[in-house]
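Below is one structure, written out as structure tokens; comments come after it.
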2 protein chains.
Amino acid sequence: MTSVLVVDDDTYLLRALRITLQAHGYDVATAADGRSALLAAQQHPPALVILDLGLPDMDGSAVLRKLRGWSSVPVLVLSARHGSEDKVEALDAGADDYITKPFGLEELLARLRALLRRSADTEQPVVVTTEAFTVDLGKRRVLRDGQDVRLTPTEWKMLEVLVRSPEKLVTQQQLLSEVWGPAYAKETNYLRVYMAQLRRKLEPDAATPRHLITEAGIGYRFVP
Amino acid sequence: MTSVLVVDDDTYLLRALRITLQAHGYDVATAADGRSALLAAQQHPPALVILDLGLPDMDGSAVLRKLRGWSSVPVLVLSARHGSEDKVEALDAGADDYITKPFGLEELLARLRALLRRSADTEQPVVVTTEAFTVDLGKRRVLRDGQDVRLTPTEWKMLEVLVRSPEKLVTQQQLLSEVWGPAYAKETNYLRVYMAQLRRKLEPDAATPRHLITEAGIGYRFVP
DNA sequence: GGGGATCTTGACGAATCCTTGACACGGCCC
DNA sequence: GGGCCGTGTCAAGGATTCGTCAAGATCCCC
């Protein structure tokens with residue numbers, strides 16, 4: 001899902017934006033000052049940043065310049081000022097768009113779509129490799145012996161959840177909840193069926209799996 | 001030199017922009033109506049377009065939509081209206097930025113720089129070749145056995161979205177949103193119809209596609 | 001206004017995928 | 001050894017999705 005980081009010190013506006021954006025299918029993170037914004041952007045790189053210039057701890061343009069030191073994520077700047085110099089400064093500091101408060105939510109969403117449309121091709125690949133197969137999370141593809149393996153949507157979701165946390169034990173409830181939804185927490189037979197299919201498609205010897213390990217009574221684990 | 005096409009029916013503003021932009025090192029072409037604007041953009045593809053929505057011969061959004069039928073050049077929209085719907089419509093029609101008259105020239109230049117900066121790192125190979133056909137994204141042409149293949153605007157957009165990210169799975173929602181707009185996210189039958197037409201025109205054997213692959217339940221993928 | 005190209009819409013088998021139930025196997029405790 | 005639990009395997013049905021076609025509706029250029 002597309003992730004958006006919203007940076008603003010106005011907690012009311014922050015909440016309004018969170019609700020609106022989530023309602024439109026975005027994954028939302030928030031920060032109330034420049035320091036935590038930079039931290040958040042580093043730890044969970046978003047697909048887009050909405051940045052208010054008026055922050056309590058540091059100037060918005062300074063945040064932007066710091067961010068631009070290591071990230072090229074699209075940035076949409078919010079500001080209460082109508083002055084032309086502010087816009088010029090922000091845009092030259094690396095902002096991709098500028099919108100003045102008060103603004104319509106529809107306009108914000110439209111500008112956001114325009115920015116994301118522009119940057120859609122600049123995403124980075126995430127690839128996980130094992131001895132037997134290779135999972136390309138960015139391209140949504142699995143290779144085995146150079147051939148790509150055909151996975152159904154459910155098989156892929158399940159593999160993705162496991163691969164995104166290598167070595168980590170994922171409980172049956174977590175898997176069921178992520179793939180089928182929270183209501184399916186007891187349908188553990190789904191897991192058995194689909195894990196068998198994944199192993200048949202990916203493991204060299206499906207009877208003795210080496211990468212998709214089952215932890216009896218608890219869950220499953222992906223080992224590269 | 002960076003070339004900018006300015007489209008406006010106000011000859012005074014047109015001249016002012018020409019002088020200002022040239023003074024800042026841009027190569028400037030102008031057009032006073034939608035028809036000649038599209039013609040100019042086709043004959044001498046600019047690096048950026050500044051487009052006034054209020055044109056004598058046709059609606060500005062219509063010009064934009066036509067332009068988007070074959071070009072992905074960044075477009076900065078000018079408008080005298082402050083209404084939110086106008087902005088949303090223009091941005092969803094494919095505009096990259098929107099600025100309201102009257103505007104400061106400094107702000108215009110700053111937004112222009114931001115747009116050009118962003119599109120600078122989005123440059124990518126313009127020609128993609130497969131065993132069966134060749135796609136020239138720059139010239140908007142498809143060759144098959146040396147012959148020109150005739151594609152409708154919609155067919156082209158769909159092919160373009162897929163070809164711009166080779167090997168990558170493009171979801172049905174992404175495709176629908178990029179080709180038809182965000183509001184068409186559920187019209188998945190469009191995809192089936194146009195994918196069939198593309199295959200008929202491009203694949204050696206449309207019944208067993210080798211380059212335009214469908215991933216059941218998720219989307220489509222282009223493999224060179 | 002007319003004619004051609006293009007886009008939308010609906011319907012239908014065919015292919016694919018998900019669900020469900022049944023059964024076998026191994027380990028563990030009584 | 002027998003019963004129980006968790007797991008792996010398989011196959012069939014039902015549901016969903018896909019490819020295809022063709023007929024209107026719409027747009028666009030002359």
Side-chain angles (χ1 to χ4, degrees), chain A residues 149-159 169-173 175-176 179-181 183-203 205-221, chain B residues 33-36 38-39 42 57-59 61-70 93 148-159 169-173 175-176 179-181 183-203 205-221:
Chain A
V149 182
R150 202 143 219 185
L151 295 186
T152 72
T154 308
E155 288 166 5
W156 171 262
K157 269 195 188 174
M158 197 161 146
L159 180 64
L169 174 56
V170 182
T171 67
Q172 297 175 346
Q173 278 65 34
L175 264 177
L176 286 165
V179 178
W180 281 272
Y184 290 70
K186 293 185 176 177
E187 308 283 344
T188 57
N189 49 330
Y190 288 6
L191 297 181
R192 297 205 294 282
V193 171
Y194 280 94
M195 184 56 68
Q197 292 179 1
L198 274 181
R199 285 180 179 143
R200 200 169 331 134
K201 290 184 177 180
L202 300 180
E203 292 276 3
D205 179 9
T208 60
R210 285 162 50 189
H211 302 105
L212 298 170
I213 310 297
T214 130
E215 304 274 351
I218 309 179
Y220 294 87
R221 183 197 307 271
Chain B
D33 56 71
R35 197 184 190 81
S36 51
L38 289 171
L39 200 65
Q42 202 157 20
D57 60 338
M58 53 200 296
D59 181 40
S61 291
V63 178
L64 191 46
R65 249 179 284 270
K66 283 204 173 193
L67 183 69
R68 279 285 176 262
W70 49 269
D148 237 351
V149 179
R150 190 179 174 76
L151 294 185
T152 72
T154 307
E155 288 166 4
W156 170 259
K157 267 199 184 176
M158 197 161 145
L159 179 64
L169 175 53
V170 183
T171 66
Q172 298 172 348
Q173 278 66 32
L175 264 177
L176 287 165
V179 178
W180 282 271
Y184 290 70
K186 292 185 177 177
E187 309 283 345
T188 56
N189 48 333
Y190 289 8
L191 298 180
R192 296 204 294 280
V193 171
Y194 280 93
M195 183 57 66
Q197 292 180 3
L198 275 181
R199 284 181 180 143
R200 214 181 353 249
K201 291 183 177 181
L202 300 180
E203 290 275 2
D205 179 9
T208 60
R210 286 164 48 189
H211 302 105
L212 298 170
I213 309 296
T214 134
E215 302 275 350
I218 314 179
Y220 294 88
R221 184 198 308 275

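We name chains A, B, ... by the order of the sequence lines, and we start the count at 1 in each one. As the structure is a prediction and not an experimental result, all values here were calculated from the model.
- A:Q197 contributes atom CD, which lies 10.0 Å from atom CG of A:L151 (distance to the nearest 0.5 angstrom).
- At the heavy-atom level, A:T214 lies under 4.0 Å from the strands shown only through sugar-phosphate atoms.
- A residue-by-residue look at B:N189 and A:T188 shows that A:T188 has its nearest nucleotide of DNA chain D further toward the 5' end.
- If you take CD on B:Q172 and CD on B:E187, they are separated by 12.0 Å, rounding to the nearest 0.5 Å.
- The CE atom of B:M58 sits 10 Å away from the C1' atom of D:dC28 (whole-angstrom rounding).
- Going from atom CG of B:L198 over to atom P of D:dG19 covers 12 Å, rounded to whole Å.
- Among the nucleotides D:dC18, C:dC18, D:dC10, the one closest to the side chain of A:R200 is D:dC10.
- Considering only side-chain N and O atoms, B:K66 lies under 4.0 angstrom from the phosphate OP1 or OP2 of D:dC29.
- For the pair B:I213 CD1 and D:dG19 P, the computed distance is 10 Å after rounding to whole Å.
- Contact between the side-chain N/O atoms of B:Y220 and the OP1/OP2 oxygens of D:dT17 is not found at any separation under 4.0 Å.
- Atom CG of B:L175 and atom C1' of D:dC18 are 15 Å apart (whole Å).
- Atoms NZ (B:K186) and P (D:dC18) sit 16 Å apart, rounded to a whole Å.
- One finds a side-chain N or O of A:Y194 lying less than 4.0 angstrom from the OP1 or OP2 phosphate oxygen of C:dC18.
- Contact annotation: A:W180 side-chain N/O to C:dC18 OP1/OP2 distance is not under 4.0 Å.
- Nucleic acid contact for A:E155: none, since no nucleic acid atom lies under 4.0 Å from a heavy atom of the residue.
- Separating the OG1 atom in A:T154 from the CG atom in A:L159 is a distance of 12.5 Å, to the nearest 0.5 Å.
- Between A:M195 atom CE and A:L175 atom CG the span is 6.5 Å, to the nearest 0.5 Å.
- Residues B:L212 and B:E203 approach most closely at N-OE2, 2.9 Å, considering heavy atoms.
- If you check C:dT9, C:dC18, C:dC7 against the side chain of B:T152, the one that comes closest is C:dC7.
- Among the atoms of the strands shown, none is found under 4.0 Å from any heavy atom of A:R150.
- Within a 6.0 Å sphere centred on NZ of B:K201, heavy atoms belonging to other residues, nucleotides or ligands number more than 12.
- A:Q172 comes within 4.0 angstrom of sugar-phosphate atoms only, judged by non-hydrogen atoms across all strands, and of no base.
- Comparing B:P153 and A:V193 by the nucleotide of DNA chain C whose heavy atom lies nearest to each, the residue mapping closer to the 5' end is B:P153.
- Residue B:R192 places none of its side-chain N or O atoms closer than 4.0 Å to OP1 or OP2 of D:dT17.
- Within a 6.0 Å sphere centred on CZ of B:R65, heavy atoms belonging to other residues, nucleotides or ligands number more than 12.
- Counting to the nearest Å, the P atom of D:dG8 and the CD atom of A:Q197 are 13 Å from each other.
- The nearest whole Å value for the distance from the NZ atom in B:K201 to the C1' atom in D:dT20 is 16 Å.
- Axis angle across the helix from C:dG1-D:dC30 to C:dC17-D:dG14, with five pairs used at each end and values rounded to 10°: 20°.
- Between A:T154 and C:dC18, a side-chain N or O to OP1/OP2 separation shorter than 4.0 Å is present.
- Interatomic distance, B:L198 CG to B:H211 NE2, rounded to the nearest 0.5 Å: 13.5 Å.
- In this entry the distance linking CD of B:E187 with P of D:dT17 reads 14 Å, nearest Å.
- If you take CZ on B:R150 and CG on B:D148, they are separated by 9.5 Å, rounding to the nearest 0.5 Å.
- At the phosphate of D:dT7, neither OP1 nor OP2 sits under 4.0 Å from any side-chain N or O atom of A:R199.
- Across all strands shown, B:Y184 has no heavy atoms under 4.0 Å from either base or sugar-phosphate atoms.
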